[in-house]
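Worksheet: one structure, shown below.
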Amino acid sequence: MLDKKYNAKEKEEKWLNYWRDEKIYEFKPDEREVFSIDTPPPTVNGKIHIGHIFSYSQTEMIARYKRLRGYNIFYPFGFDDNGLPSERLVEKEQGKKAHEIGREAFSKLCYETTDKYEAEFQELFTRLGVSTDWNIHYKTVSPKTIKISQSSFLDLVKKGHCYHKESPALWCNECLTSIAQAELETKKVKTTFNYIKFKTVEDGEEFVIATTRPELLPAIVSVFVNPDDLKHKHLIGKTAHIPIIDVEVPIMADELVDSEKGTGIVMCCTFGDQTDIYWWKKYNLELKYIFTEDGRIKDEILNYGGLKIKAARKKIIEDLQEAGYVLKIEELEHEVQTHERCGTEVEYSVMKQWFIDIMNHKDDFLKIGESINWYPSHMQTRYNEWVSNIMWDWCISRQRYFGVPFPVWYCENCHDPIFANLTDLPVNPLVDKPKIQKCPKCGGTNFRPETDVMDTWATSSVTPLINMRYGEKDNYEAILRPMSLRSNASEIIRTWDFYTIVKSFYHFQERPWNNVMISGFVMANKGEKISKSKGNSKAEPIDLINEYSADVIRYWAGSGRLGTDITFSEETLLRGKKLINKIFNVSKFIEMHLADFQDKEFTNYEYIDKWILARFQDMEKGFLKYLDEFEVGLALNHLEKFFWNFCDDYIEIVKHRLYRPEEFGSEPRYSGQKTVYIILYKLLQDFSIFFPYITEEIYQEIYHDKKSIHLTEIKELNFNFGQEKEFGNIIVDIISIVRGEKSSNNLSLKTEVTNLEISAAKEIKETIAKAKKDFQATLFVKNLKFKEIESGFKITKIELLKDNEKI
RNA sequence: GGGUGAUUAGCUCAGUUGGUUAGAGUGCUUGCUUGACGUGCAAGAGGUCAUAGGUUCGAGUCCUAUAUCGCCCACCA
């Protein structure tokens with residue numbers, strides 16, 4: 001027997017233990033088709049918030065759905081623990097910078113810290129009822145995954161898609177590392193727009209260039225104007241004299257110059273921005289790199305050497321003003337590119353870095369994107385936008401400590417890279433030595449290890465490879481190429497999705513997954529994103545689960561359309577709470593009436609029973625269709641709507657028949673029993689996708705034909721009750737009208753209707769006649785009369801037994 | 001500035017291919033001790049579907065602008 005009241009806390013713990021002990025979610029390859037899910041390994045940066053619950057829940061529900069459809073679910077969880085996010089977390093907790101702590105000690109701290117947070121994550125996701133097999137979970141910095149990341153790197157090198165080159169790269173002088181385009185974030189900054197006077201060498205003509213970065217004057221290599229700019233056209237071909245720095249550079253023409261911006265004349269420095277780099281490459285300009293790694297002017301620059309960038313800017317403006325070269329200074333607020341991990345303005349550095357070729361294969365990446373189903377479909381447009389507009393090859397080396405090391409040494413003599421053997425992976429070049437004695441190129445015998453580590457995306461982009469145990473003997477390539485589903489929020493389409501596609505293309509020339517589902521964000525209030533700085537995250541996830549139960553939290557997380565933002569709302573939680581309570585109570589009611597029930601072949605259903613079976617069958621079709629499109633929230637909504645109607649309409653009708661066989665007959669009662677038996681089973685299955693705990697509790701009590709409801713299979717009903725579905729609704733409509741009559745007279749719904757006259761078309765009349773007993777019992781009608789009319793129906797007479805008349 | 005999505009009841013959201021009087025929950029008001037559930041049941045009030053044009057016999061739904069918001073990108077001249 002089900003308890004009088006459902007104790008979520010106690011039951012959730014009970015079933016969690018049961019699922020674990022019985023290995024309900026274990027993955028073992030068998031004869032079933034595999035449905036595999038590539039779910040984001042959360043970045044371990046200390047923050048767990050309700051946003052995590054939201055996006056992971058919806059994917060988890062898909063796993064449960066596919067499991068109920070008979071698929072063998074491969075659904076591993078991972079943690080993305082290497083790289084800058086973890087490093088910055090440790091730096092913050094320690095109050096010290098990585099280089100102050102030292103490489104080895106720092107790495108150790110990183111491991112300890114990420115372990116601690118990963119345990120918290122695992123606890124949370126377990127409590128939430130995430131049906132993953134924790135035996136196949138992974139970390140992006142374990143020996144196994146390091147091996148895969150390294151062999152992925154070596155494969156790309158071998159295939160010529162990965163190169164080591166001195167090239168301009170984005171540089172963060174706070175984190176002291178190069179970064180990738182995808183790690184940029186724009187930020188509004190107040191600065192000054194400085195109009196500086198230049199002169200031509202040939203005829204001393206004065207012209208003005210406006211710049212926000214006068215400290216780059218020593219780095220100017222050329223001046224550009226637009227070739228169609230009538231005002232400045234005549235300058236082309238002449239030579240510009242740079243004030244104070246006293247250097248002469250050519251004045252050149254390029255279409256990229258916008259003659260409307262500033263004064264229409266641009267200085268090209270190496271490097272101020274991306275256009276500078278573009279021109280530097282295009283016109284083969286000189287390189288004048290004037291910054292140090294930690295954001296200072298190089299010592300050899302006269303007057304400004306050693307100064308921090310901003311100090312140098314201030315000083316050079318003062319010097320220019322003093323010498324009369326400044327026409328005017330305007331206040332300006334503009335957006336600059338900053339490093340997303342620390343908020344520092346980025347610079348460009350010229351160092352040897354490892355790059356993965358992106359620019360030469362954009363079309364291939366677009367083609368791969370085309371071959372994937374994106375849900376919702378407009379997310380593909382975002383992907384295409386990003387790929388089409390990307391301007392850099394992917395810089396994957398980071399001058400940091402906690403990451404996957406490059407399996408590379410360099411010959412001290414000729415500086416050629418020496419690569420580790422595949423069979424020796426994983427290697428740490430700082431500890432391990434190359435297996436060869438001599439440099440194959442020059443015969444040098446001294447080697448220098450690569451100290452850089454890989455970017456975090458370089459390693460998280462191999463999650464499909466990690467999942468398929470790439471390079472291992474007993475791998476899953478056969479079943480996971482491609483994987484069935486990738487799921488993540490829209491903000492990392494440009495990083496995680498894109499980079500995974502890049503790697504998959506280079507390794508296998510194919511898409512990494514068949515489907516991508518993209519979720520929205522959790523908003524604190526309408527139009528307000530949850531952020532730590534605003535402190536508007538309403539509650540800690542684990543507290544919410546303790547307060548409301550995992551099933552209720554999942555109700556909230558499962559609502560809303562795919563790809564659409566969701567607001568955190570107590571009202572939705574309340575709604576979920578009520579729904580779950582109702583599921584439990586109606587199950588209790590049904591269990592009570594199934595005490596003497598034996599399941600056997602039966603076809604002689606009562607009219608109303610046929611009606612509800614047909615309606616369920618119809619509803620489930622739509623329900624499954626939504627889920628096949630990964631629209632978890634719409635599916636739940638659809639199911640919920642049916643469920644309340646089932647309770648309020650159908651159960652209210654059938655209850656009389658269930659309670660009083662002596663009045664209604666035992667076969668009509670059996671019809672009702674069989675109907676609720678079938679529908680509750682299927683409702684529980686459908687709801688189990690969202691509410692794994694309470695549905696298991698009820699299922700085990702009433703049905704238990706399998707070890708768990710989560711191991712059952714959804715089989716669609718196949719009744720053919722067209723007429724009943726349509727006309728049954730009319731009965732419910734009439735019931736509603738009569739109830740309304742009672743309600744507006746402030747009477748109990750049990751009030752007897754002494755006389756009821758319904759005028760109706762022939763077929764409606766006949767329909768009601770078929771369900772006459774149910775109908776009369778539901779409304780407590782004593783005398784029922786019909787009048788036949790042309791079409792439709794209306795109530796032409798209704799007499800209620802009022803309380804005073806009763807006495 | 002470019003791309004993309006959103007804007008529907010006080011609040012949180014549904015609304016399939018354009019087709020009667022626009023739906024649900026919550027909140028508010030009123031009633032009902034109905035043998036599963038008061039975390040319930042029944043009913044009521046509440047919307048010029050962001051704004052302005054257009055297409056159409058007919059627009060919440062399609063088109064064009066505008067506004068506001070979210071996400072992504074571009075703006076260091």
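So you know, we letter chains A, B, ... as the sequences are listed, proteins then strands, and number each from 1.
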**OP:** Return the nearest nucleotide to the side chain of A:Ser743; candidates are B:rC72, B:rA42, B:rU39.
**Re:** B:rA42
**OP:** Using a heavy-atom cut-off of under 4.0 Å over every strand shown, decide if A:Leu256 touches base, sugar-phosphate, or nothing.
**Re:** base
Subject >> Whole-Å gap separating P (B:rC37) and CG (A:Leu579) >> reply: 18 Å
**OP:** Please list, chain by chain and in numerical order, all residues satisfying side-chain contact (heavy atoms from CB on, under 4.5 Å) with A:Val326, sequence neighbours excluded.
**Re:** A:Leu320, A:Gln321, A:Ile329
Subject >> Those residues that, when tested against A:Glu10, pass side-chain hydrogen bond (donor to acceptor under 3.5 Å, both in side chains) (two or more places apart) >> reply: A:Asn7
**OP:** Considering only atom P, compute the distance from B:rU61 to B:rA52 and round it to an integer number of Å.
**Re:** 13 Å
Original post:
For B:rU4, does OP1 or OP2 lie under 4.0 Å from any side-chain N or O of A:Gln380?
Top reply: no
**OP:** For RNA chain B, list all stems, counting runs of three or more consecutive pairs where every pair is Watson-Crick or G-U wobble with both distances under 3.5 Å.
**Re:** B:1-7 with B:67-73, B:10-13 with B:23-26, B:28-32 with B:40-44, B:50-54 with B:62-66
**OP:** Could you tell me whether A:Phe584 contacts a base, only the sugar-phosphate backbone, or nothing, with contacts defined as non-hydrogen atoms closer than 4.0 Å?
**Re:** nothing
Subject >> Atom pair distance, as rounded to whole Å: NZ in A:Lys742 and C1' in B:rA42 >> reply: 10 Å
**OP:** Could you pull out all residues at least two apart from A:Glu591 that satisfy side-chain hydrogen bond (donor to acceptor under 3.5 Å, both in side chains)?
**Re:** none
Original post:
Given the P atoms of B:rG27 and B:rU12, what is the spacing between them in whole Å?
Top reply: 15 Å
Original post:
How far, in whole Å, is B:rG47 from B:rC13 if one measures between their C1' atoms?
Top reply: 14 Å
Original post:
A:Lys588 near the nucleic acid: base, sugar-phosphate alone, or nothing, with a heavy-atom cut-off under 4.0 Å?
Top reply: sugar-phosphate
Original post:
Residues in side-chain contact (heavy atoms from CB on, under 4.5 Å) with A:Lys328, at least two apart?
Top reply: A:Tyr195, A:Glu330
Original post:
If you measure from the Lys or Arg side-chain nitrogens to the Asp or Glu carboxylate oxygens, is any gap between A:Glu215 and A:Lys314 under 4.0 Å?
Top reply: no
**OP:** Can you sort out the partners of A:Glu620 under salt bridge (charged side-chain N to carboxylate O under 4.0 Å, His left out), two or more places apart, ordered by chain and number?
**Re:** A:Lys682
Original post:
Which part of the nucleic acid does A:Ile651 contact within heavy-atom distance under 4.0 Å: base, sugar-phosphate only, or nothing?
Top reply: base
Original post:
Who pairs with A:Glu347 by side-chain contact (heavy atoms from CB on, under 4.5 Å), at least two apart in sequence or on another chain?
Top reply: A:Asn173, A:Arg213, A:Phe291, A:Ile309
Original post:
Expressed in angstrom and rounded to an integer, what is the separation of A:Lys577 atom NZ from B:rU12 atom C1'?
Top reply: 17 Å
Output side-chain donor-acceptor pairs under 3.5 Å for residues 222-230 of chain A, partner residues at least two apart or in another chain, one line each.
{"residue": "A:Ser222", "atom": "OG", "partner": "A:Pro250", "partner atom": "O", "Å": "3.4"}
{"residue": "A:Asn226", "atom": "OD1", "partner": "A:Asp228", "partner atom": "N", "Å": "2.9"}
{"residue": "A:Asn226", "atom": "ND2", "partner": "A:Glu255", "partner atom": "O", "Å": "3.3"}
{"residue": "A:Asn226", "atom": "ND2", "partner": "A:Val257", "partner atom": "O", "Å": "2.6"}
{"residue": "A:Asp229", "atom": "OD1", "partner": "A:Lys231", "partner atom": "N", "Å": "3.1"}
{"residue": "A:Asp229", "atom": "OD2", "partner": "A:His232", "partner atom": "ND1", "Å": "2.8"}

Subject >> Out of B:rU4, B:rG27, B:rC76, whichever nucleotide has its closest atom nearest the side chain of A:Arg213 >> reply: B:rC76
Original post:
With sugar-phosphate meaning primed atoms plus P, OP1 and OP2, does A:Asn384 contact a base, only sugar-phosphate, or nothing at under 4.0 Å between heavy atoms?
Top reply: nothing
Original post:
In chain order, what residues pass the side-chain contact (heavy atoms from CB on, under 4.5 Å) check against A:Asp733, with sequence neighbours excluded?
Top reply: A:Phe793
Original post:
So what does A:Arg739 touch, heavy atoms closer than 4.0 Å: a base, only the sugar-phosphate, or nothing?
Top reply: sugar-phosphate
**OP:** Could you work out the separation of B:rG19 and B:rG60 based on their P atoms and round it to a whole Å?
**Re:** 10 Å
**OP:** Give a yes or no on this: more than 12 heavy atoms of other residues, nucleotides or ligands lie within 6.0 Å of atom CD of A:Glu662.
**Re:** yes
Original post:
Whole Å only: how far is the CH2 atom of A:Trp496 from the P atom of B:rC71?
Top reply: 21 Å
Original post:
Where does the angle between the aromatic ring planes of A:Trp457 and A:Tyr499 fall among parallel (under 30°), tilted (30 to 60°) and perpendicular (over 60°)?
Top reply: tilted
Subject >> Between B:rU68 and B:rC62 - P atom distance, rounded Å >> reply: 23 Å
**OP:** Could you state the atom-to-atom distance from CG of A:Leu779 to C1' of B:rC41 in whole Å?
**Re:** 14 Å
Subject >> Nearest-Å distance for atom pair NZ/C1', residues A:Lys582 and B:rG38 >> reply: 10 Å
Original post:
Is the distance between the ring centroids of A:Tyr555 and A:Phe690 under 6.0 Å?
Top reply: no
Subject >> d(CG, A:Leu574; P, B:rG38) in whole Å >> reply: 15 Å
**OP:** Can you spot which of A:Leu579, A:Asp551, A:Ile580, A:Ile698 makes a side-chain contact (heavy atoms from CB on, under 4.5 Å) with A:Phe687?
**Re:** A:Leu579
**OP:** For A:Val586 and for A:Glu385, locate the closest nucleotide of RNA chain B by heavy-atom distance; then report the residue assigned to the nucleotide nearer the 5' terminus.
**Re:** A:Glu385
**OP:** Pick the C1' atom in B:rU21 and in B:rU26, then give their distance to the nearest Å.
**Re:** 25 Å
**OP:** Take A:Thr572 and A:Thr191, find for each the nucleotide of RNA chain B with the closest heavy atom, and name the residue whose nucleotide sits nearer the 5' end.
**Re:** A:Thr572
Look for any protein N or O under 3.5 Å of an N or O in nucleotides 32-35 of chain B and output each such pair with its distance, or none.
{"residue": "B:rG35", "atom": "O3'", "partner": "A:Tyr659", "partner atom": "OH", "Å": "3.4"}
{"residue": "B:rG35", "atom": "O6", "partner": "A:Arg660", "partner atom": "NH1", "Å": "2.7"}

**OP:** Answer with base, sugar-phosphate or nothing: what part of the nucleic acid does A:Val346 contact at a heavy-atom distance below 4.0 Å?
**Re:** base
**OP:** Could you pull out all residues at least two apart from A:Phe664 that satisfy ring pair (Phe, Tyr, Trp, His ring centres under 6.0 Å)?
**Re:** none
**OP:** Grab the CZ-P distance between A:Phe498 and B:rC72 for me, whole Å please.
**Re:** 17 Å
**OP:** Could you give the distance separating B:rG25 and B:rA45 at their P atoms, to the nearest angstrom?
**Re:** 15 Å
Subject >> A:Trp644, nearest nucleotide to its side chain (from B:rG70, B:rC13, B:rC41) >> reply: B:rC41
Original post:
For B:rA43, does OP1 or OP2 lie under 4.0 Å from any side-chain N or O of A:Ser736?
Top reply: yes
Could you run down the sub-3.5 Å N/O contacts of the protein with nucleotides 14-25 of chain B?
{"residue": "B:rG15", "atom": "OP1", "partner": "A:Arg561", "partner atom": "NH1", "Å": "3.0"}

**OP:** Quote, to the nearest angstrom, the C1' distance that separates B:rU66 from B:rG23.
**Re:** 29 Å
